[in-house]
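Every chain is numbered from 1, with letters handed out A, B, ... down the list of sequences. Worth saying up front: this structure is predicted, and the values here are computed from it rather than measured.
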Number of protein chains: 2
Amino acid sequence: METNKKRSECPLSCSLDVFGDKWSLLIIRDLLFFKKGTYNDFLKSEEGIATNILASRLKALEENGIIEKSAHPESKAKNLYRLSKKGIDLLPIIMEIYIWSDKYFNMPQEIKEIIKEAKNDKDKFVKQIIKELTAE
Amino acid sequence: METNKKRSECPLSCSLDVFGDKWSLLIIRDLLFFKKGTYNDFLKSEEGIATNILASRLKALEENGIIEKSAHPESKAKNLYRLSKKGIDLLPIIMEIYIWSDKYFNMPQEIKEIIKEAKNDKDKFVKQIIKELTAE
DNA sequence: TATTTGCACTTGCAATTTGCAAGCAAAATT
DNA sequence: AATTTTGCTTGCAAATTGCAAGTGCAAATA
């Protein structure tokens, strides 16, 4: 995936050049909500991303400053991927996607509950997630 | 573009199956903000979508209930594409993308001004756009 | 210590999708 | 009547995706 060719100066278009594909936001979702952080964590997600695609997306997200790669504190064999500030700031976008989904898709009751809570006080929800992420 | 295979039950994943690509949200942007409505309007957008890709995206968006195709009131040669309620409801997502862009990309001052206004009172901005769209 | 397993990838290749150019029929304009 | 516009479709090369297999190092197990 090419990371350096802008189609236009439109901010929306530039943003889509960064995360406008079927996989990037799912990786970011895993980082935001499911405490995932290693290559294998992402591979195991239920959507079943192919290993080469995962590698290319992680590389692109890193090059675009959305995630940061570091050594895993518990094992030399592992790497740890974390969201940068820029990546964490994608949370409001993802929340709005969830809120839209809630209106137009069926989904498990448990997820519905979480969305309800998030919708009720968006700022509080965002702050809570950020707190959890930065506490680690 | 296949429109009917879900990768998982995750609402975010399902949403990305609908609009998670480099072009769909740009078409929706044109409909939301730039009063575009015909095939040629979309073709002329500065990002330069290929004609076959445009056709496939319009078809997929229609199948997914995001847009509706109708006869153009002024010409039999033209069609008119409009956003459905479901499509208009994507506005908050797109607004959050603009707000994120505002933080991390350079962009024309004029767009910055609009984003500032939108950020100031999101609900008011959304209502204003909806009003303009439904007045037609 | 030797061997197996886990982790983070890379490589090869077929299938799908994209992007470009050309073509086309119906409607509108000259 | 001839030309242009509109909304597509078609053909084809190039790029991207998805699947399977392989690699090299670290860590766990025998």
Side-chain angles (χ1 to χ4, degrees), chain A residues 1-8 13 16-27 30-31 34-64 67-82, chain B residues 1-8 13 16-27 30-31 34-64 67-82:
Chain A
M1 199 182 190
E2 287 302 332
T3 147
N4 49 353
K5 39 175 118 149
K6 263 193 195 179
R7 291 174 295 169
S8 78
S13 161
L16 292 174
D17 288 340
V18 173
F19 57 77
D21 68 87
K22 298 247 177 293
W23 296 109
S24 296
L25 287 183
L26 296 183
I27 295 170
D30 288 349
L31 286 160
F34 303 130
K35 312 260 182 209
K36 298 194 173 185
T38 68
Y39 194 89
N40 246 291
D41 287 343
F42 304 127
L43 260 195
K44 277 182 233 145
S45 288
E46 59 172 343
E47 289 83 12
I49 189 170
T51 174
N52 54 338
I53 305 296
L54 176 58
S56 84
R57 286 306 175 283
L58 289 172
K59 184 161 173 271
L61 288 171
E62 200 186 354
E63 280 170 6
N64 283 304
I67 61 174
E68 287 154 10
K69 186 181 181 174
S70 59
H72 197 284
E74 287 163 18
S75 159
K76 274 191 191 173
K78 294 182 188 179
N79 289 321
L80 190 63
Y81 291 95
R82 271 173 305 181
Chain B
M1 199 186 192
E2 288 300 333
T3 145
N4 49 354
K5 40 174 117 151
K6 264 192 192 179
R7 290 173 295 168
S8 77
S13 160
L16 293 174
D17 288 339
V18 173
F19 57 78
D21 69 88
K22 297 246 177 295
W23 296 109
S24 296
L25 288 182
L26 296 183
I27 295 171
D30 287 349
L31 285 159
F34 303 129
K35 312 259 182 210
K36 298 196 173 184
T38 68
Y39 193 90
N40 246 289
D41 286 344
F42 303 127
L43 259 193
K44 276 182 234 145
S45 288
E46 61 173 340
E47 289 84 11
I49 189 169
T51 174
N52 55 339
I53 305 295
L54 176 57
S56 84
R57 286 305 175 283
L58 288 172
K59 184 162 173 270
L61 288 172
E62 201 186 353
E63 282 171 4
N64 283 305
I67 61 175
E68 286 153 12
K69 187 181 182 173
S70 58
H72 197 285
E74 286 165 19
S75 160
K76 275 191 190 173
K78 294 182 186 177
N79 290 320
L80 190 61
Y81 292 95
R82 271 173 305 182

Inset, instruction - Measure the distance from NZ on A:Lys5 to C1' on D:dT16 and round it to the nearest whole Å. - result: 11 Å
Legend entry - Qualifying salt bridge (charged side-chain N to carboxylate O under 4.0 Å, His left out) pairs, either residue in residues 44-56 of chain A, two or more places apart: A:Arg29-A:Glu47
Legend entry - Pairing residues for A:Lys36 by the side-chain hydrogen bond (donor to acceptor under 3.5 Å, both in side chains) criterion, not counting sequence neighbours: A:Ser45
Inset, instruction - Report the distance from atom CD of A:Glu74 to atom C1' of D:dA28, rounded to the nearest whole Å. - result: 15 Å
Legend entry - Separation of B:Ile67 CD1 from B:Ile27 CD1 (nearest 0.5 Å): 7.0 Å
Legend entry - Nearest-nucleotide pick for A:Ala55, side chain only, options being C:dT10, D:dC19, C:dC20: C:dT10
Legend entry - Under 4.0 angstrom between B:Trp23 side-chain N/O and C:dT17 OP1 or OP2: no
Legend entry - Closest contact, heavy atoms only, A:Ala50 versus A:Leu43: C-CD2, 4.4 Å
Inset, instruction - Would you indicate which nucleotide in C:dT18, D:dG18, C:dC9 comes nearest to any side-chain atom of A:Lys69? - result: C:dC9
Legend entry - Nearest-angstrom distance from the residue atom NZ of A:Lys59 to P of C:dC9: 12 Å
Legend entry - Euclidean distance, atom CD1 of residue A:Ile53 to atom C1' of C:dT10 [Å, nearest integer]: 13 Å
Inset, instruction - Take atom CD1 of A:Ile67 and atom P of C:dA8, then tell me their distance rounded to the nearest Å. - result: 13 Å
Inset, instruction - Could you tell me which residues satisfy side-chain hydrogen bond (donor to acceptor under 3.5 Å, both in side chains) with A:Thr38, sequence neighbours excluded, listed by chain and number? - result: A:Asp41
Legend entry - DNA chain D contacts made by residues 39-48 of chain B, counting heavy atoms under 4.0 Å: B:Tyr39, B:Asn40
Legend entry - Spacing of B:Tyr81 atom OH relative to D:dT6 atom P, expressed in whole Å: 14 Å
Inset, instruction - Using a strict cut-off of less than 4.0 Å between a Lys/Arg side-chain nitrogen and an Asp/Glu carboxylate oxygen, indicate whether B:Asp17 and B:Arg7 qualify as a salt bridge. - result: yes
Inset, instruction - Would you please name every residue forming a side chain to side chain contact (heavy atoms under 4.5 Å, CB included) with B:Lys69, sequence neighbours left out? - result: B:Glu62, B:Asn79, B:Tyr81
Legend entry - Interatomic spacing from OG in B:Ser8 to CG in B:Leu16 - rounded to 0.5 Å: 9.5 Å
Give me the distances for all protein-to-nucleotides 20-26 of chain D N/O pairs that come in under 3.5 Å?
| unit_1 | atom_1 | unit_2 | atom_2 | d |
| --- | --- | --- | --- | --- |
| D:dA26 | O3' | A:Ala77 | N | 3.4 |

Inset, instruction - Rounded off to whole Å, could you give me the CZ-to-P distance for the A:Arg7 and C:dC20 pair? - result: 12 Å
Legend entry - Length of the NZ-P vector between B:Lys78 and C:dA27, whole Å: 15 Å
Legend entry - Over all atoms of both residues, closest heavy-atom pair of B:Tyr39 and B:Leu54: O-CD2, 3.4 Å
